[in-house]
Amino acid sequence: MAEEMLPSGYEPKDVEARWRRHWEEDKTFTPDPDGPGEGYAIVIPPPNVTGALHIGHALNLTLIDVLIRYARQKGKNVLWVPGTDHAGIATQNVVERALAREGKSRHDLGREAFIDRVWQWREEYGHRILDQISALGCSVDWTRLRFTMDEGLSRAVRRVFVQLYNEGLIYKGDYIINWCSRCHTALADDEVEHEDSAGHLWHIRYHLKDSQESLVVATTRPETIPGDTAVCVHPEDERYSRFIGSKVILPVLGRELPVIADSYVDREFGTGCLKVTPCHDHNDWMLGKRHNLEFLQVIDENGMMKAESGPYVGLSKEECRKKIVEDIEKAGDLVKVEPLTHAVGHCYRCHTVVEPHVSTQWFVATTKLAPQARAAVPALTKIFPESWIKTYYHWLDTIRDWCISRQIWWGHRIPAWTCQDCGKLIVSEETPEKCPACGQNHLLQDEDVLDTWFSSSLWPFSTMGWPDKTKDLKRWYPTSVLVTGFDIIFFWVARMMIMGQHFLGEVPFKDVYLHALVRDAEGRKMSKSTGNVIDPVLMIEKYGCDALRFTLTAFAAMGRDIRLSEDRIEGYRHFVNKLWNAARFTLMNLAGISPRACDPAKVTGLHHIWILHRLEEVKDEVSGALENYRFNDAAQACYKFLWGAFCDWYLELVKPDMQSNDAQRKEDAQYVLLLVLREILVLLHPIMPFVTAEIWAALPGSDKYPELARVGYPEARPQCKRPDEARAMEFLQEVIVSVRTIKAELNISPGKKVRLLLQPVDEAQKELLLSNQEVIMQVARLEEMHVDLALQAPRASASAVAFGCQIVVPLRGTVDLAGELTRLDKQLAKLEKNLLNVNRHLQDENFLARASEEVVAREKATSCDLLDKKEKLLAMRARFAEALAEEKS
RNA sequence: GGACAGUUAGCUCAGCUGGUGGAGCAUCGCCCUUACAAGGCGGGGGUCACAAGUUCAAGUCUUGUACUGUCCACCA
């Protein structure tokens with residue numbers, strides 16, 4: 001590929017496909033655990049196997065890939081494990097929907113056939129998300145691809161379950177849990193989404209048993225009345241204190257209920273009188289336990305009223321609500337109904353209203369495990385941005401035990417068996433042959449499967465072969481950083497911390513970087529129903545992967561959401577194109593040469609010294625930014641350097657060198673040009689792997705050095721840091737810009753060559769101007785340049801001042817002379833404003849006394865410069881005004 | 001009810017340790033200058049949400065207010 005000319009337009013599609021194939025076949029990203037370099041590992045947040053790449057994944061994966069590729073450049077031994085999650089409920093739902101289209105339910109198939117069907121589905125569609133990860137250019141190690149239901153990972157799940165059970169940290173019990181009657185399964189607390197919804201507050205009269213008096217309770221759920229087993233008031237509520245200990249009659253059903261007192265009750269809310277339904281409300285459950293109340297379940301797992309509800313048996317809970325309100329109204333006990341907005345729990349998967357439900361479930365005693373995970377932050381694991389630490393603490397501080405059993409089919413089946421003969425519960429990694437207690441073999445495995453997040457919580461070590469003592473684990477655990485969205489800090493991050501510490505004795509990652517959410521241009525969440533999704537796959541097709549990646553990186557400022565719209569991606573495609581064209585220019589001028597050894601610190605030529613100086617700066621900026629997860633800064637630094645310095649200035653400045661007959665001069669320029677391009681390609685490669693790799697391969701002599709994905713981060717070149725020369729270059733740039741501005745503002749065509757007269761402040765400046773005369777003349781488009789320490793400028797001239805040097809462009813009759821006066825006045829006004837600001841400080845005694853010497857000196861210098869410039873401009877303006885007046889007369 | 005963000009140019013956002021307000025896009029003017037019109041050059045545009053405080057000096061630190069957003073929480 002070497003030394004070919006690049007085509008005139010960058011065609012991402014072919015290029016990307018070619019490099020992807022190459023990297024995969026070459027196993028470029030498969031590390032050797034015995035290889036050199038410090039270990040650096042990131043595990044992918046495993047996307048759902050049913051998923052399609054959305055923009056959130058794209059952001060997440062891009063940022064990880066940037067870190068991963070950068071770490072490789074820094075000589076680390078880098079592992080990125082890819083994989084997918086079996087996503088229990090989500091996947092089951094997807095397959096069930098497919099079945100429904102055939103008019104079947106999973107029950108028609110039966111458990112085994114259904115699970116086969118899910119595996120089949122995975123075979124067919126599970127690679128889609130993986131292909132998309134690849135399309136995004138992720139440099140994962142495909143040889144280590146994992147799936148949470150793999151044999152190895154399943155073994156890890158069983159090992160963890162059994163050990164926790166034996167340690168008493170997993171237990172089985174009757175509890176009130178969140179029940180989704182559509183998914184037909186328990187949900188963990190954080191799988192319930194609370195949403196405000198408009199409801200009603202029914203005020204209902206409960207008559208006292210032994211008196212004519214009554215209590216009015218307020219409820220949002222009258223259908224649970226049959227399950228009431230007490231009425232509760234606040235112990236210090238004077239309105240009700242006399243009723244405590246007496247009995248009330250349950251409306252319609254007529255049962256007797258005790259009146260109890262508990263400070264849990266909010267006296268301000270409703271009537272201050274609460275009906276207690278222990279089986280159908282989390283708080284009432286708590287009250288029931290505390291006061292030893294009866295537990296009466298009246299709604300079943302399908303949302304239907306049970307026999308215990310008496311006359312309402314067989315109704316749905318919605319029908320029951322209507323009916324029971326009618327009945328109470330008929331009896332004259334409905335005091336009033338008021339509208340109420342309150343939070344109602346919904347299933348995070350299917351959005352059905354969640355019903356608190358009492359049932360037998362398995363739990364992990366996270367209350368016991370949480371303190372260790374809490375203590376690890378920030379000592380062992382740092383969280384970026386820090387603002388999330390509090391949230392992390394708060395969640396662990398208020399955690400309840402984690403309900404891990406799910407009444408679905410797709411997932412890790414709980415490794416627990418009950419002996420049908422003697423009732424013994426056996427928890428074992430392997431399927432037991434017979435009951436260890438009675439020796440019979442009538443064993444029945446628990447029907448439930450584990451919460452998907454159970455296997456996810458093991459991901460950092462299960463993917464590395466645990467529980468075996470593998471080389472990978474030794475080398476790469478704990479991982480270096482976890483990069484993920486803050487939305488799964490509880491689901492996933494905290495639980496990985498818990499499991500990692502418990503089973504490996506070490507936190508699973510040293511850093512956690514929580515990135516933002518990607519929103520649409522209006523700041524709304526992207527969702528299919530709103531129709532505002534930006535499909536990353538489509539963006540890659542339209543604009544190329546590198547443009548998408550650069551956009552996401554450039555917007556990834558810490559702790560802030562990203563508002564993305566398609567035209568931003570389109571905008572950054574221009575940047576990709578700019579790089580491409582800069583490379584084309586470079587190659588044009590490098591035809592036939594091969595890189596030769598040369599000491600860049602010895603190169604003469606101010607523009608070379610300057611660009612090499614800037615290159616050192618940008619190298620520091622990029623590495624500093626990436627090491628602190630400041631992705632946007634890294635992208636910005638590259639952008640500014642490539643476009644603002646390299647393309648806008650340097651490429652223009654070397655053109656005269658390239659046309660020169662001086663072979664040495666041309667060679668030097670070629671050398672520096674190639675060097676700078678190569679290093680900027682390396683810097684950009686983590687963000688834009690494809691276009692940079694493609695250009696790299698086309699550079700002269702590319703067959704002699706490794707491909708870009710294997711090239712290290714450029715070494716610092718301290719001898720090239722030359723701030724004084726860089727400053728001198730800035731002076732020349734300002735001279736050139738001044739000429740351009742004069743032309744533009746006086747309507748002189750930019751291509752029109754003009755005469756330039758310069759009056760430098762001293763010999764050094766004069767020398768500087770003279771030695772760069774050719775460049776200035778070309779870039780500023782001059783026909784003549786005259787430098788004179790004692791310049792006698794013609795009065796009819798446009799003028800400016802840069803670094804004290806007077807810049808004069810004599811005007812001929814063709815231009816609008818009056819324009820120059822307004823131009824100068826505008827400049828003077830701006831100058832005056834600045835001067836006022838600076839002098840306000842300098843005239844303030846407090847400032848002079850208290851500000852640091854350094855600052856005072858700087859302000860004084862600025863003031864002098866401004867004053868000098870002002871005087872020079874004023875003098876020029878005066879002479880010009882005279883000339884103008886003469887001309888008029 | 002608690003916690004956490006955000007409020008800077010028409011739009012989207014940078015601005016880390018306090019020292020004369022930046023970028024991209026958009027806009028206006030001039031240019032086909034042999035890498036790039038997906039481009040070049042130049043210009044215009046901001047009492048940095050509001051108020052008080054600390055300081056010689058505040059977009060930057062403190063407190064409060066307003067609005068926006070997110071998360072958590074059992075108000076029946």
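These numbers were taken from a predicted model, which means no experiment stands behind them. Per chain, numbering begins at 1; letters A, B, ... match sequence-line order.
- Screening residues 627-654 of chain A for salt bridge (Lys or Arg N to Asp or Glu O under 4.0 Å), with sequence neighbours left out, gives A:Arg630-A:Asp633, A:Glu652-A:Lys655.
- Following rounding to the nearest Å, A:Phe269 (CZ) and B:G1 (P) show an atom-to-atom distance of 13 Å.
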Enumerate the protein-to-nucleotides 20-28 of chain B contacts in which both atoms are nitrogen or oxygen and the separation is below 3.5 Å.
| unit_1 | atom_1 | unit_2 | atom_2 | d |
| --- | --- | --- | --- | --- |
| B:U20 | O2 | A:Asn834 | OD1 | 3.4 |

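- Rounded to a whole angstrom, the distance from the C1' atom of B:U33 to that of B:G24 is 25 Å.
- Both A:Asn846 and A:Thr220 sit near RNA chain B, but only A:Asn846 has its closest nucleotide nearer the 5' end.
- For A:Arg584 and B:G39, the shortest distance from a side-chain N or O to OP1 or OP2 is not below 4.0 Å.
- Checked against B:A14, B:C74, B:A76, the side chain of A:Asp633 finds its nearest nucleotide in B:A14.
- Geometrically, A:Arg740 engages A:Trp649 in a cation-pi contact defined by less than 6.0 Å to the ring centre and at most 45° from the axis.
- The side chain of A:Arg740 approaches B:G42 more closely than any other nucleotide in the set B:U33, B:C71, B:G42.
- Looking only at distances, a side-chain donor or acceptor of A:Arg549 sits under 3.5 Å from a matching main-chain atom of A:Ile687.
- Nearest to the side chain of A:Phe847, among B:G19, B:U12, B:C72, sits B:G19.
- Taking the six-membered ring where the residue is Trp, A:Phe575 and A:Phe550 present tilted rings, their angle falling between 30° and 60°.
- No hydrogens or angles were tested; on distance alone, a donor-acceptor pair under 3.5 Å links the side chain of A:Tyr264 to the base of B:C74.
- Using bins of under 30°, 30° to 60° and over 60° for the plane-to-plane angle, the ring pair A:Tyr513/A:His515 lands in the tilted bin.
- More than 12 heavy atoms of other residues, nucleotides or ligands sit less than 6.0 Å from atom CZ of A:Phe847.
- The side chain of A:Ser387 sits closest to B:A5 out of B:A76, B:G42, B:A5.
- Summarising the geometry, the separation between CG on A:Leu564 and C1' on B:C13 is reported as 13 Å, rounded to the nearest angstrom.
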